[in-house]
Structures are given as structure tokens and as C-alpha cells.
Undergrad: 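Structure in C-alpha cells, see below.
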Amino acid sequence: NNIAQWCDAIFARVYDHREILKLAQYNKIPIINALCDQHHPMQALADFLTIQESYGRQKCKITFVGDANNVAFSLLEMGLKLGYAMAFTGPGCYFWNDTQLHYFSDLVQKHGGSFGADTNTALIVPGSDFIYADAFVSMGEEDDYDSKLSEFDGYQVNSELMNLAGSSAKFLHCLPAHRGEEVTNEVIDAAYSLVYQQANNRRVSAKGVFSYLLDNSKATTTSPGL
Ligand code: NVA
């Protein structure tokens, strides 16, 4: 409540999602999740702006390859809420749990998109219009770097995987990228890579969120989910 007297909104980047919930519980001003261990909704907004700039409003297939992490969760959640065909492939030891899988299935039921997830990239990647990658090792996991990295063998986005997706597939990444780990130079630097357009859209979409929330007529509630 003290901080809420000094500013109009709080844009918080935290480790633990419970910190965001706590901020929302004790403040009447908008609380915006700028990244936590479970969600990255501001990134997903920039991602779907980029996808629509590139593909129009048609519902295409978007596949996340790698870790079932914060970026993947928000991408799948937003895509399914918008009715897209969302897909995921990654190693079994860093996969979605049953609660998360049920949540994604419920979103399909409600919004009419589709969701496919499997550890086998060959079953998931073909026919993708967008392939999305993020770091294999996220914030706070640095101590597990070597062991975690070895589990992701076979999930690098390289030319072979992009060819499997299809000749018109585009590449997305939230950045920062770890070249040679989750993505090769030839993919991230290719003409089909949209990563810098995405990065610019972080600014564009964040301005949209701020102007929406700071317009008093619209900012009636805080949103712990966002
Ligand atoms: N998954 C990454 C995203 C960085 C924007 C992390 O949490 O570190």
C-alpha cells in the first residue's frame, strides 16, 4: 500500500510467482508480471503480435521446442486462448505435469484450438508454421546447467529441425539466445528468423499494456494472472 501511493502501476520481474500474487493481493494499482518462474505473459503478447504481423489473423500451427518453462507456458496459454493450433516437444524429464496438461486441454475445449505434446519431435514438428525456442537453462537454474543441458540432446533447433517443420516455417525466440545450445547460428540468423522483430514488439506491446492499464476508465481491477 505504501508503494501504491508513489506510482500508478508496478511492473515486477521476480523469481517466484507467489511474489506477483502477493503484490496483487496488497495493491489496488495494476500489477504487471514482467517475468517469473512460471509465466512470461508480456513476452507472449509480443510473440502473438509478431505472429500476426507475419501470418495475418489466420490460425496457424505454433510449436515450442525445448523446456516446459515460463515462456512456453505463456505462449501455449495465450495461443490456446486465441484458438491457435499449439504444439510442444521436449524431453520427458522437463515436460508438463498432469495439471498443466489438463489446463491446456480445457482451453482447447473452451476456445476451439488444438494442442499436441510429445517427446518425439518427429511426431510434433511437421506442418508447423512457427518454431519457437528458449534457453534450456532458465533463471535460477544455473547450478543445474551441465546436467540439464545433457537432457536436451536432440531438441536443438537447427536446419534439420526447421526442414522437418516445412519450407515456409518461421523461427521465434524470446532472447537472450544461447547460440549452439537451443538454436544454431544458421537458424537464428536466417531470413526466416523473426527474433529481432519480436524483440522490437516487446516495446510496442508493453506500451499498449501500459496505456490500457493507466487509462483510469479501464484500469478497474488488478490482474494477478497477468
Ligand atoms: N526462460 C527464460 C526466459 C528469459 C526471457 C528464463 O526464465 O530465464
Side-chain angles (χ1 to χ4, degrees), residues 10-23 31-51 62-80 86-97 100 103-104 117 119 121 130-157 161 170-185 187-188 193-210 224-226:
I10 296 176
F11 190 63
R13 182 167 273 210
V14 301
Y15 281 101
D16 191 330
H17 182 58
R18 286 171 299 188
E19 297 296 324
I20 296 285
L21 297 179
K22 217 186 290 173
L23 278 169
I31 306 299
I32 306 160
N33 184 344
L35 176 68
C36 71
D37 58 346
Q38 295 176 30
H39 304 270
H40 200 0
M42 296 296 287
Q43 180 66 49
L45 272 183
D47 297 338
F48 278 95
L49 177 58
T50 310
I51 287 163
I62 303 158
T63 300
F64 188 99
V65 180
D67 190 15
N69 67 12
N70 44 11
V71 170
F73 187 89
S74 289
L75 184 84
L76 294 179
E77 181 179 47
M78 193 171 290
L80 292 173
M86 302 303 295
F88 176 87
T89 182
C93 45
Y94 292 104
F95 213 76
W96 306 109
N97 62 35
Q100 291 165 321
Y103 176 61
F104 295 142
T119 56
T121 53
F130 294 89
I131 295 291
Y132 199 119
D134 181 17
F136 292 143
V137 180
S138 281
M139 58 174 187
E141 300 177 338
E142 293 78 9
D143 289 349
D144 304 331
Y145 189 85
D146 290 334
S147 65
K148 203 171 173 198
L149 212 59
S150 66
E151 302 287 356
F152 285 88
D153 194 21
Y155 294 95
Q156 182 188 65
V157 179
L161 190 137
K170 303 274 198 290
F171 176 70
L172 299 167
H173 193 301
C174 55
L175 302 183
H178 304 77
R179 290 166 176 256
E181 292 181 15
E182 75 274 9
V183 62
T184 56
N185 284 337
V187 168
I188 199 167
S193 169
L194 304 181
V195 299
Y196 298 113
Q197 186 179 336
Q198 257 180 295
N200 186 47
N201 279 338
R202 290 297 310 278
R203 177 179 58 81
V204 175
S205 53
K207 280 166 77 174
V209 169
F210 292 140
L226 186 70

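Just so it is clear, the values below take in all heavy atoms, side chains as well, and ignore hydrogens, waters and symmetry mates. Start at 1 and go down the list; that is how both ligands and their atoms are numbered.
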Undergrad: With a 4.0 Å heavy-atom cut-off, what residues sit around ligand 1?
TA: His40, Asn69, Asn70, Val71, Asp134, Ser138, Met139, Leu175
Undergrad: Quick one, Val137 with Phe152, criterion side-chain contact (heavy atoms from CB on, under 4.5 Å). Give me CA distance, side-chain angles, the key distance, then yes/no.
TA: CA-CA 10 Å; Val137 180; Phe152 285 88; over 6 Å; no
Undergrad: Just wondering, do Lys148 and Glu142 contact through their side chains at under 4.5 Å, heavy atoms?
TA: no
Undergrad: Parallel, tilted or perpendicular: which fits the ring planes of Phe104 and Trp96, with parallel below 30° and perpendicular above 60°?
TA: perpendicular
Undergrad: Return the orientation label for the Phe73 and His39 ring planes: parallel under 30°, perpendicular over 60°, tilted otherwise.
TA: perpendicular
Undergrad: Would you say Leu172 and Ile51 make side-chain contact, with heavy atoms under 4.5 Å?
TA: yes
Undergrad: Using the salt bridge (Lys or Arg N to Asp or Glu O under 4.0 Å) criterion, which residues pair with Asp16? Sequence neighbours excluded.
TA: Arg18
